[in-house]
Amino acid sequence: MVTLEDYKGQTPAWCPGCGNHSILKVFKEALVELAIEPGTFVIVSGIGQAGKFPHYLRCNAFNGLHGRTLPVATGIKLSSHDMLVIAVAGDGDCYGEGGNHLIHAIRRNIGVKLFVHDNQIYGLTKGQASPTSIEGMKTKTQPFGVLSEPLNPLSLAVALDCSFVARAYAGDQEHLKFIIKEAIRHRGFSLVDILQPCVTFNKVNTYGWYQKRVYHIEEGYNERDRFVAFEKSLEWGEKIPLGIIYRNERPTFEERMPVIKDRPLIEQEFDFEEVKKRIDSTLGEFY
Amino acid sequence: MVTLEDYKGQTPAWCPGCGNHSILKVFKEALVELAIEPGTFVIVSGIGQAGKFPHYLRCNAFNGLHGRTLPVATGIKLSSHDMLVIAVAGDGDCYGEGGNHLIHAIRRNIGVKLFVHDNQIYGLTKGQASPTSIEGMKTKTQPFGVLSEPLNPLSLAVALDCSFVARAYAGDQEHLKFIIKEAIRHRGFSLVDILQPCVTFNKVNTYGWYQKRVYHIEEGYNERDRFVAFEKSLEWGEKIPLGIIYRNERPTFEERMPVIKDRPLIEQEFDFEEVKKRIDSTLGEFY
Amino acid sequence: MDYTIKIGGEAGQGIQTIGDTISKVFSRMGYHVFTHQDYESRVRGGHNFYQVRLSETMVTSSRTQVDILVALDKESIKRHERELGPEGIIVYDASSLKERHDKPHFLDVPFNELSLKAGGSPIMANMVAIGAILGMIGINGDVLHSIIKETMGNKGEAILKQNIDAFIAGRDYAKANCLRCSFFSAPSSKPKMLIDVNEAIGLGAIASGCKFYTAYPMTPSTGILNFFSSKAEEYGIVVEQAEDEISAINMALGASYAGVRSMTGTSGGGFCLMVEGISLAGMTEIPIVVALAQRPAPATGLPTRTEQADLFLALHAGHGEFPRVIFAPGDPEQAFYLTNKAFDLSNKYQIPVFILTDQYLSDSRWTYLGFDLDALTYRAYRLKGDERVPETYKRFAYTEDGVSPLAIPGKGKYIVVVDSDEHDEEGHIIEDGETRRLMVEKRLFKKLPFIKKEMESPRLYGSERPDIVVIGWGSTYGIIKEAVDELAKRHSIAMLHFSEVYPFPYYTEGFMEALKRAKLTICVEQNGTNQFARLLKAETGFDIPVKINRYDGRPFLLEELIEVLNGHIGRL
Amino acid sequence: MDYTIKIGGEAGQGIQTIGDTISKVFSRMGYHVFTHQDYESRVRGGHNFYQVRLSETMVTSSRTQVDILVALDKESIKRHERELGPEGIIVYDASSLKERHDKPHFLDVPFNELSLKAGGSPIMANMVAIGAILGMIGINGDVLHSIIKETMGNKGEAILKQNIDAFIAGRDYAKANCLRCSFFSAPSSKPKMLIDVNEAIGLGAIASGCKFYTAYPMTPSTGILNFFSSKAEEYGIVVEQAEDEISAINMALGASYAGVRSMTGTSGGGFCLMVEGISLAGMTEIPIVVALAQRPAPATGLPTRTEQADLFLALHAGHGEFPRVIFAPGDPEQAFYLTNKAFDLSNKYQIPVFILTDQYLSDSRWTYLGFDLDALTYRAYRLKGDERVPETYKRFAYTEDGVSPLAIPGKGKYIVVVDSDEHDEEGHIIEDGETRRLMVEKRLFKKLPFIKKEMESPRLYGSERPDIVVIGWGSTYGIIKEAVDELAKRHSIAMLHFSEVYPFPYYTEGFMEALKRAKLTICVEQNGTNQFARLLKAETGFDIPVKINRYDGRPFLLEELIEVLNGHIGRL
Ligand SMILES: Cc1ncc(C[n+]2csc(CCOP(=O)(O)OP(=O)(O)O)c2C)c(N)n1
Ligand SMILES: Cc1ncc(C[n+]2csc(CCOP(=O)(O)OP(=O)(O)O)c2C)c(N)n1
Ligand code: SF4
Ligand code: SF4
Ligand SMILES: [Mg+2]
Ligand SMILES: [Mg+2]
């Protein structure tokens with residue numbers, strides 16, 4: 001039996017009150033409830049406050065470059081696809097620097113579970129606007145306020161037929177846990193955008209701001225209808241829906257990759273002598 | 001009066017029959033009909049068959065790196081925003097290598113007009129799959145066929161609230177011309193995805209294939225309704241809609257950037273002596 | 001008077017406010033100040049410090065020995081007590097630290113209590129601390145009043161008064177209670193300018209006509225982006241935070257092509273992402289200035305620490321062969337003038353120019369009497385307007401010196417065509433070998449000798465015919481200078497400092513002579529593989545026998561460097 | 001017998017089919033073959049050529065003088081007639097070129113007409129041309145029958161017969177009409193292997209246990225991706241075309257972290273985009289092999305031409321300091337073994353290893369008797385499975401040689417943590433200077449001497465105590481070798497060829513002696529700035545006085561190089 005103790009990691013270097021603390025707590029609980037052993041899965045992260053996540057629980061971890069979480073996770077998943085591969089990223093990390101990889105990870109439907117700690121700000125670098133920052137928000141590097149329309153990651157994901165699209169909120173722990181578990185259970189690529197208050201730099205999107213707006217998507221919502229999902233994904237402002245926005249059962253990339261269908265790549269032992277024999281016959285093709 | 005003669009450029013190095021020839025021809029005609037003088041605008045392109053476009057008509061041209069068309073175009077537009085800035089890209093160029101820039105150019109709504117020569121293949125590099133290649137298409141580098149879902153650039157653009165989204169077809173020249181003109185006339189960022197048969201490498205999406213499927217979007221279609229647009233953007237397969245899918249009048253990035261509101265940056269003369277005086281007073285802040 | 005004040009504590013405790021404020025007080029009073037910062041890659045917690053050195057004569061480095069340690073947490077005492085000089089004092093608030101020290105070099109100042117009494121909030125406890133520091137040195141703090149007013153002016157009279165009261169409470173408390181305090185303040189003099197290298201680069205760029213700055217945030221280069229942002233409105237500069245560094249450099253190149261002087265700035269990993277764009281600048285001959293603020297690597301490394309290990313990367317960034325210039329200013333003043341020169345050379349020769357700094361330099365502040373604006377250059381190299389540009393204009397026309405006239409697109413009947421492919425004089429793609437050969441010669445071989453002639457020799461400081469030469473580049477300038485000043489009391493010694501790092505100047509005789517006749521030459525670098533020493537060897541054949549390296553992410557401190565240098569000198 | 005056949009025409013006319021087919025015929029008949037290609041960055045039109053040299057002895061370069069020119073368009077005659085040797089013949093189809101040449105060295109073969117007569121399509125005109133070439137040399141073409149069958153086997157008997165008929169028609173026509181033809185064919189011998197460097201790299205990688213190849217297409221590296229794709233099913237390799245090069249290297253690093261030997265490949269601009277990922281490999285100590293196929297730059301440059309100008313980029317790619325190995329094979333055989341060594345060293349030392357090739361090498365084919373598979377090495381360096389890895393496993397444990405045991409994540413109770421930040425032995429982020437120092441020492445200083453010991457000395461070929469040494473690296477191997485063979489008839493001369501380019505081997509005495517005692521040393525490079533000569537100087541202090549450079553995107557040809565070398569020798 002796994003217990004929370006088994007997941008003890010380094011002491012978080014986040015600010016007191018940061019939404020990341022709740023996410024970490026709930027995440028560990030979800031893992032325990034799913035009875036996942038620490039050594040059996042991997043968390044890939046980038047650089048940012050969110051990027052530090054895997055250090056704070058006991059797990060296999062690849063804390064890579066800013067923005068490059070998904071390619072690394074894809075490489076791992078393709079190599080060892082019976083292993084649970086989780087990606088944790090910041091909003092700048094994933095929607096800014098790494099935007100291109102998100103698009104293509106969704107296209108592949110690689111079985112990686114992506115959790116974006118979306119604080120609508122660059123936290124670690126001290127408060128610049130992120131792609132999800134609200135229009136008009138002034139920062140030290142946006143002297144005229146943010147001039148671009150914020151990126152809506154959920155609409156983007158629905159548009160690209162992402163196979164699992166959800167929004168959760170760090171301040172709603174029970175619901176967050178439910179979403180984390182669902183995302184992990186989902187076969188294909190899952191994108192969970194977690195609203196995460198940054199108490200230090202984001203003075204607009206505070207706990208209070210979110211609290212006033214978030215609501216659980218109504219019962220009977222058809223998360224399999226892409227048009228309904230698109231409409232729901234656009235809701236933002238006075239009312240912010242939490243829940244599974246969209247879901248489908250497209251085949252995953254690893255299921256479609258013939259050479260790993262039968263066995264994970266990493267389990268396919270390399271028999272040097274045997275391969276040399278086959279190379280010998282391949283060389284025959286060159287005569 | 002500008003004539004087609006004024007637009008004479010280098011001789012195209014494209015294959016005979018390539019869809020790019022029609023696009024070039026129609027493009028020149030559109031420019032003539034809009035009475036745009038060759039020296040007054042700029043075309044930015046990347047690398048690929050489409051990337052060669054600006055060499056084939058007389059114009060200011062920045063033929064930059066593969067995938068980096070939009071940042072260059074954005075830099076130019078911000079510097080000289082009363083100048084028409086056109087971007088021409090391939091599908092690999094713009095949706096593969098350059099995917100991240102597309103997302104953020106749309107968010108900015110920078111007044112660049114982007115034409116993607118979408119042949120659903122990598123032409124110049126001899127026939128690898130592109131992000132828009134049809135699932136299952138076998139190539140030399142997709143031995144198992146394309147395993148990913150093709151990117152739908154129009155849905156993506158609608159999801160991101162792109163201010164002008166259209167599809168045209170190289171084989172339907174009159175309509176293409178209409179769309180080119182509309183896109184150029186549009187104030188904000190325009191994305192035109194042009195279906196462009198690659199007669200050499202794409203043996204699936206041929207003239208015949210497109211011809212059978214394309215149709216003009218019906219009269220009365222409400223191109224200002226984002227939900228309608230999303231639905232229309234997803235149509236693909238037996239029926240492929242051509243026309244303006246979506247349009248809005250969001251303010252452009254250059255309109256919002258205060259320092260260039262009154263005058264293009266390039267017109268703001270640099271007066272060295274005057275600036276030195278101001279620097280002198282700025283230095284005062286450091287005492 | 002040569003005092004070092006160190007403020008230690010957790011991120012978020014206001015260390016920076018205290019450090020910034022007292023530095024400003026000192027510099028405005030006319031003292032010379034040098035500050036440096038040490039902080040972790042986190043926003044709250046951990047252990048940070050801010051070190052301020054003040055003196056009535058010029059100071060350009062940080063010392064190991066601390067005179068006043070302001071300990072905002074227990075950790076600061078644990079870590080830094082041993083750095084205290086014989087007369088040193090540790091100031092702390094026993095009640096908020098929940099620990100009391102009875103040793104004579106401790107001074108308990110009830111920061112919180114005094115600030116509450118002054119009607120203030122916890123932030124104001126910092127004002128009490130500031131008061132205590134100034135009180136200990138015997139500074140009255142009239143200057144502080146105006147500084148508080150300037151920075152808090154818009155917060156209302158009440159807040160202002162609370163702050164000043166808190167300050168006074170701290171000052172008077174310290175004055176009354178620090179019986180052991182033996183500090184004194186030299187008479188104040190003409191106010192000094194207190195500036196850091198990122199501000200100096202920004203100012204230098206603006207003074208050079210830079211109107212476009214785009215970057216993606218990355219420590220320690222973000223300061224430049226912040227500075228440009230803060231001046232965007234006033235100077236009419238387009239400042240844009242790009243979606244990534246690839247976009248940043250390509251946008252900047254687009255702007256430069258369009259006729260606007262532009263710049264970008266970044267650090268290690270971000271610079272890596274710009275490498276292809278730099279090659280594009282090389283091929284299209286578009287002027288561009290790139291600031292590279294180094295930090296310990298590889299990869300994310302130590303994001304808030306210092307290193308000088310990207311010299312070779314800057315030297316070879318970009319595939320293929322094209323000319324470039326690399327500057328590595330040693331202080332904000334050099335940065336100011338070199339940025340100006342960077343823009344001038346970049347536009348004159350249509351090449352990329354890099355300005356290398358590092359975290360140590362980015363987070364240090366220096367004092368100056370002022371900058372000499374008359375030493376700045378501005379020459380407009382662009383062809384402008386229809387009248388001067390013929391319709392047959394060729395962007396890459398072959399010329400004697402390899403530099404082709406650069407016109408602005410969209411302003412006439414001519415066209416401006418640039419291409420990342422190899423191209424002909426008009427800018428159109430070519431395939432033939434002959435044009436290729438000519439273009440390589442134009443772009444690279446013809447320009448190089450002219451560029452080399454623009455480079456200044458390194459600065460030889462100290463003895464004119466030194467027995468010992470200490471060589472450095474970039475940010476080690478200030479520390480080597482002071483070390484040499486100190487060692488010159490007993491030795492024939494000089495510093496040879498390179499701030500114009502590449503290409504090496506033509507007439508190298510001057511400094512080569514000093515190197516060759518010296519009995520001992522020592523190269524000091526903040527890296528593990530002696531990058532500059534290797535470059536010097538490759539360029540001049542001179543092999544510096546002794547190297548001093550530091551690669552733990554921390555800067556050299558004065559006494560430490562002197563000790564190491566003395567060790568080598570002793571073996572002479 | 002030493003004939004050069006050149007096929008010229010537009011892209012899309014089937015030049016490559018003709019060239020590939022006749023080379024295959026020759027090599028299977030046991031002749032030695034060397035081919036090289038010259039083509040534009042377009043898919044149809046322009047001017048391309050394919051050059052095939054065949055001989056009964058080993059040939060490793062292309063000659064300037066052409067014996068048979070197959071002109072598929074007028075342009076080919078215009079450009080290449082002058083290259084014809086005294087006995088040379090130009091074969092062309094007067095009716096399809098719409099131009100007739102009556103000079104005696106022209107042979108009009110009605111390709112189209114004969115192919116139509118054979119019931120064929122325009123593609124079969126190429127079969128007629130192939131027939132004509134073989135007919136002229138007096139090769140009957142039984143071998144061709146089987147080759148046609150192998151490549152067209154699935155197209156049905158009718159097509160097959162048409163092709164063979166077309167071939168026979170061409171052959172017989174040429175035999176009957178080429179009265180001036182004085183070519184003869186040496187007796188055929190044991191079939192040779194005909195292979196290019198991209199195939200050799202792919203095979204070498206597969207034989208080394210590489211199971212993961214991801215790349216973004218880019219000429220001239222795409223051949224490697226093609227090869228892996230073609231073998232993916234058979235060898236169970238995951239091959240993925242990434243969305244960009246940044247993704248490619250990060251995916252490959254992910255796979256390698258997960259325990260799978262992985263590789264990526266690219267060219268100039270794509271490599272630039274990988275530079276940050278390379279630094280990540282350096283920091284995380286993840287084994288990775290990267291193939292870098294050079295082409296003329298900067299930027300897009302000449303995408304289908306050749307150059308050796310990315311040596312310094314490869315040497316310094318990535319911010320910060322970490323060890324790396326660079327190989328530059330001179331031919332497919334070296335590429336095969338060096339790729340194997342690349343995987344071994346990369347996994348042994350947990351470092352990035354680069355394999356540098358270029359367009360010339362990528363588009364050349366060479367013949368061999370075979371490769372010796374027993375010369376390959378495979379050592380599994382990974383810890384595998386629960387039983388061998390303790391729960392307290394530390395990814396970056398300090399060790400004597402700096403190499404920490406590498407376990408596979410997800411296979412036990414232990415965890416594998418890697419971090420792009422500076423980290424402790426367990427892989428967790430750190431901030432302190434001491435751990436930083438220890439990690440730099442582990443990662444860099446401790447490993448370096450071991451890695452250096454692995455490097456082989458360069459190959460000294462020719463005279464054992466040469467007066468003249470011609471130095472080269474990478475793809476100039478074949479041409480320098482033949483030039484030296486030729487010049488050795490009159491001079492004491494040798495080639496010194498580096499295929500293991502960096503780090504320089506420890507025991508350099510052997511080749512340094514040859515360099516020092518030579519009267520003349522010459523470095524031959526396909527670049528403008530003597531990158532290798534500068535590296536050699538930096539590493540050994542030896543300054544090669546004479547340099548031969550070519551930077552117009554074209555390879556050296558044999559007679560040309562001999563002439564230039566002779567010029568320098570003459571001045572001795
Ligand atoms: C290539 C590169 N560019 C920039 C950085 C600097 N950097 C580190 S974290 C970060 C952004 C942090 O924002 P986000 O991803 O939203 O994460 P958060 O800290 O808010 O959780 C940046 C720009 C970097 N490490 N690497
Ligand atoms: C950084 C980089 N990677 C790869 C390439 C090679 N490359 C040139 S064009 C191209 C793709 C062409 O496809 P697309 O963009 O669809 O244009 P098309 O030729 O089909 O018009 C590629 C991969 C390059 N030039 N630069
Ligand atoms: S800066 Fe913001 S995101 Fe970062 S730890 Fe603090 S509260 Fe959290
Ligand atoms: S390869 Fe395709 S896209 Fe390229 S020119 Fe030929 S037909 Fe057009
Ligand atoms: Mg964030
Ligand atoms: Mg394409």
Side-chain angles (χ1 to χ4, degrees), chain C residues 40-41 46-47 246 267-273 275-276 278-280 282-284 294 296-305 307 309-310 312-313 315-322 419-422 429-431 433-434 436-437 440 444-445 527-529 534 537-538 541 543 551-554, chain D residues 40-41 46-47 246 267-273 275-276 278-280 282-284 294 296-305 307 309-310 312-313 315-322 419-422 429 431 433-434 436-437 440 444-445 527-529 531 534 537-538 541 543 551-554:
Chain C
E40 301 188 3
S41 181
H47 180 71
I246 301 175
S267 301
F271 187 78
C272 287
L273 293 167
V275 166
E276 194 192 16
I278 288 162
S279 185
L280 175 63
M283 184 53 127
T284 51
Q294 302 164 96
T300 310
L302 287 171
T304 61
R305 310 285 170 182
E307 192 161 84
D310 294 338
F312 277 145
L313 174 64
L315 213 48
H316 301 293
H319 52 305
E321 302 174 311
F322 53 93
D419 191 0
S420 70
D421 294 275
E422 191 57 274
I429 313 188
I430 57 98
E431 288 278 358
E434 183 55 14
R436 162 74 180 175
R437 199 178 54 70
V440 172
L444 181 60
F445 300 140
N527 61 42
T529 64
R534 281 152 68 204
K537 184 178 163 201
D543 205 343
Y551 44 81
D552 66 352
R554 273 66 179 175
Chain D
E40 300 187 3
S41 181
H47 179 71
I246 301 174
S267 301
F271 187 78
C272 287
L273 292 168
V275 165
E276 194 192 14
I278 287 162
S279 185
L280 175 64
M283 184 53 127
T284 51
Q294 301 163 97
T300 311
L302 287 170
T304 61
R305 311 286 169 180
E307 191 162 85
D310 295 338
F312 278 145
L313 174 63
L315 212 50
H316 302 293
H319 52 305
E321 302 174 312
F322 52 93
D419 190 0
S420 70
D421 293 275
E422 191 57 274
I429 314 189
E431 288 279 356
E434 182 57 12
R436 162 73 180 178
R437 198 178 56 70
V440 172
L444 180 60
F445 300 140
N527 61 42
T529 63
Q531 300 196 8
R534 281 153 66 202
K537 184 178 163 200
D543 204 343
Y551 45 82
D552 65 353
R554 274 65 181 176

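Since the structure is predicted, the reported quantities are computational estimates derived from the model, not experimental observations.
Ranked by heavy-atom pairs under 4.5 Å with chain C, the first of D:Asp421, D:Thr284, D:Val275 is D:Asp421. Top candidate by heavy-atom pairs under 4.5 Å with chain C, chosen from D:Gly553, D:Gly318, D:Gly270, D:Ala538, is D:Gly318.
Between D:Ala299 and C:His319, the shortest heavy-atom contact is O-NE2, 2.9 Å. In this structure, D:Gly320 and C:Asp310 approach most closely via the heavy-atom pair N-OD1, 3.0 Å.
Applying the ring pair (Phe, Tyr, Trp, His ring centres under 6.0 Å) criterion to D:His47, with sequence neighbours excluded, gives D:His80. Listed by chain and number, the residues in a salt bridge (charged side-chain N to carboxylate O under 4.0 Å, His left out) with C:Glu276 amount to none (sequence neighbours excluded).
Of the atoms belonging to D:Ile246, it is side-chain heavy atoms, and not backbone ones, that fall under 4.5 Å from chain C. At a 4.5 Å heavy-atom cutoff, D:Gln294 makes no contact with chain C through either its backbone or its side chain. For D:Pro296, the parts lying near chain C are the backbone and the side chain together; criterion is any non-hydrogen pair under 4.5 Å. Only the side chain of D:Leu444 comes within contact range of chain C, with at least one heavy atom under 4.5 Å from a heavy atom of that chain. Heavy atoms of D:Glu307 lying under 4.5 Å from chain C belong exclusively to its side chain.
If you take CZ on D:Arg436 and CZ on C:Arg305, they are separated by 11.0 Å, rounding to the nearest 0.5 Å. Taking CG from D:Asp552 and CD from C:Glu434, the interatomic distance works out to 8.0 Å, rounded to the nearest 0.5 Å. For the atom pair D:Ser279 OG and C:Leu313 CG, the distance stands at 8.5 Å (nearest 0.5 Å).
Note: D:Tyr551 and C:Phe445 have perpendicular aromatic rings, judged against thresholds of 30 and 60 degrees for the angle between ring planes.
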